[in-house]
2 protein chains.
Amino acid sequence: MEIPFNDIKQKFQGCGLKTTPQRTAIYDALLRSTTHPTAEELFAEVAPQFPMMSLNTVYYTLGALRTSGLIHEVNIGHTRARFDANLSPHHHLICLGCQSIVDVIDPRLNRLTSPAGIPKDFEITSYQVAFRGLCGSCRRHTGRSINHSSPGLHPTTVKGGLHGKSS
Amino acid sequence: MEIPFNDIKQKFQGCGLKTTPQRTAIYDALLRSTTHPTAEELFAEVAPQFPMMSLNTVYYTLGALRTSGLIHEVNIGHTRARFDANLSPHHHLICLGCQSIVDVIDPRLNRLTSPAGIPKDFEITSYQVAFRGLCGSCRRHTGRSINHSSPGLHPTTVKGGLHGKSS
DNA sequence: TTGTTAAATAGTAATTATTCCTAAACAGGA
DNA sequence: TCCTGTTTAGGAATAATTACTATTTAACAA
């Protein structure tokens with residue numbers, strides 16, 4: 001545990017959440033993780049410390065943390081929810097082969113202008129860029145053929161990689 | 001039906017897909033739709049014409065169309081898949097209140113540069129920006145409080161709306 | 001036009017992720 | 001320490017999607 005227990009306790013108190021061992025362990029695991037784990041993955045990570053713990057508790061806890069704004073839910077495929085305790089502005093790089101997610105931290109992406117042509121009364125509170133493609137490992141293993149059951153969105157045509165400074 | 005039947009038939013043939021009445025109706029409904037419907041919504045739309053049709057057929061058809069690249073799967077929440085037959089580059093504006101999705105077409109968004117700090121061997125093939133917030137109707141009805149079971153991602157801090165031309 | 005055949009359809013059952021419900025345990029404040 | 005409302009754990013329920021399978025049918029060839 002690199003994250004001081006008292007920091008976590010304070011965050012929980014600040015949100016009116018009780019500090020239980022299970023909750024602390026789940027949140028701590030999520031803070032230390034960089035893989036945007038699913039509820040099940042977090043359960044597997046934490047369960048050894050709490051042989052009695054139920055997956056239900058993980059769902060309940062993630063729901064509480066999400067409602068409190070301590071974590072975010074990241075939806076990549078539609079099949080399962082993934083979670084992220086990193087609240088600082090960042091975007092995601094998703095491998096269509098292995099479904100892995102890597103954080104993208106590039107300040108330039110945080111300065112997008114409000115898009116044209118949207119309803120005037122729509123209030124944008126956040127935005128996020130999802131980059132999709134194949135990681136090195138998947139490109140080597142599959143010879144670039146994308147083998148997965150998932151979407152494979154191609155919303156924008158990227159010719160030979162992203163290009164051009166905007167404006 | 002604004003979309004000529006023969007156009008659809010040709011697209012199907014080009015992908016090696018058989019042209020069945022059900023498939024044609026499903027694809028046509030998706031082409032005409034602007035709401036990124038779920039499988040169930042498409043089923044409801046098409047079912048009147050085919051009283052015998054099963055929801056299964058909709059799933060099978062959407063899977064086939066997706067595999068052929070004729071449609072995209074759009075994942076907003078994790079609870080259900082949504083589909084889009086609009087293959088031209090565009091992004092999405094998502095209302096956290098009513099879960100509605102509006103297309104965002106702004107050429108500036110299609111010229112993002114490759115992000116910094118990603119693995120060198122990762123090959124990006126596409127990217128998509130998801131803007132989130134509250135539509136006018138939801139802002140009026142809920143007084144800005146977001147009432148939904150869904151995420152509420154806040155990956156980037158947008159102070160008073162998106163701002164600043166990039167670079 | 002008529003067979004032939006592989007793909008598509010419809011129906012049912014199974015699976016998976018998640019939520020609901022409830023009693024017992026427990027954290028935090030009085 | 002005691003109370004009270006939150007949290008936990010367990011089992012059951014739900015919702016979306018997939019799997020299985022027999023029947024039907026589009027597309028191609030004779």
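Distance check: B/R23 CZ to B/L62 CG gives 10.5 Å after rounding to the nearest 0.5 Å. Separating the OG1 atom in B/T35 from the CD atom in B/E45 is a distance of 8.0 Å, to the nearest 0.5 Å.
Between A/I124 and A/F122, some side-chain heavy-atom pair lies under the 4.5 Å cut-off. Considering only heavy atoms from C-beta on, A/I71 stays 4.5 Å or farther from A/N86 through its side chain.
When the C1' atom of D/dT23 is taken as reference, atom CE of B/M52 falls 14 Å away, rounded to whole Å. Remark: P of D/dT8 and OH of A/Y60 are 7 Å apart, rounded to the nearest angstrom. In this structure, B/L55 places its CG atom 12 Å from C1' of C/dG11, rounding to the nearest Å. Look at CZ on B/R82: it is 12 Å from P on D/dA16, rounded to the nearest Å. Note: OH (B/Y59) to P (C/dA14) measures 19 Å, nearest angstrom. Rounded to a whole Å, the CZ atom of B/F43 is 14 Å from the C1' atom of D/dT17. Put simply, CZ on B/F12 is 19 Å from C1' on D/dC28, counting in whole angstrom units. In this structure, the CG atom of B/L65 is 16 Å from the P atom of C/dA7, given to the nearest Å.
Counting only heavy atoms from C-beta on, B/R80 has its side chain closest to D/dA16 among C/dA27, D/dA16, C/dT18.
Side chains of A/H91 and A/N110: a donor on one and an acceptor on the other come within 3.5 Å.
At a threshold of 4.0 angstrom between heavy atoms, the contacts of B/T57 include nucleobase atoms, whether or not backbone atoms are also involved.
Between D/dT25 and B/Q22, no contact under 4.0 Å exists linking OP1 or OP2 to a side-chain N or O. Regarding contacts with the backbone of C/dT9, a side-chain N or O of B/R23 is found under 4.0 angstrom from either OP1 or OP2. The shortest distance between the side-chain N/O atoms of A/T20 and the OP1/OP2 oxygens of D/dT8 is below 4.0 Å. Residue A/Q13 places none of its side-chain N or O atoms closer than 4.0 Å to OP1 or OP2 of C/dG28. Remark: B/T79 is not in phosphate contact with D/dA15, judged by side-chain N or O atoms under 4.0 Å from OP1 or OP2. A sub-4.0 Å separation between OP1 or OP2 of D/dT8 and a side-chain N or O of A/T61 is present.
Residue whose closest nucleotide on DNA chain D sits further toward the 5' end, between B/T19 and B/A81: B/A81. Comparing A/F50 and B/E40 against DNA chain D, the residue whose closest nucleotide sits nearer the 5' end is A/F50.
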task: Dump the intermediate steps for ring pair (Phe, Tyr, Trp, His ring centres under 6.0 Å) on A/F12 and A/Y27, then the final yes or no.
output: CA-CA 10 Å; A/F12 286 173; A/Y27 182 54; 5.5 Å; yes
Under 3.5 Å between N/O atoms: give me all the protein pairs with nucleotides 4-6 of chain C, atom names plus distance.
{"residue": "C/dA6", "atom": "N3", "partner": "B/K18", "partner atom": "NZ", "Å": "3.3"}

Got a list of protein N/O to nucleotides 20-22 of chain C N/O distances below 3.5 Å?
{"residue": "C/dC20", "atom": "N4", "partner": "A/N56", "partner atom": "OD1", "Å": "3.2"}
{"residue": "C/dC20", "atom": "N4", "partner": "A/N56", "partner atom": "ND2", "Å": "2.4"}

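Note on residues 80-106 of chain A: pairs passing salt bridge (charged side-chain N to carboxylate O under 4.0 Å, His left out), not counting sequence neighbours, are A/D106-A/R108.
Salt bridge absent: A/D7 and A/K11 never bring a charged side-chain N and a carboxylate O closer than 4.0 Å.
Between the side chain of B/S54 and the backbone N or O of B/N56, at least one donor-acceptor pair lies under 3.5 Å.
Taking the six-membered ring where tryptophan is involved, the planes of B/H36 and B/H90 are tilted, since the angle between them lies from 30° to 60°.
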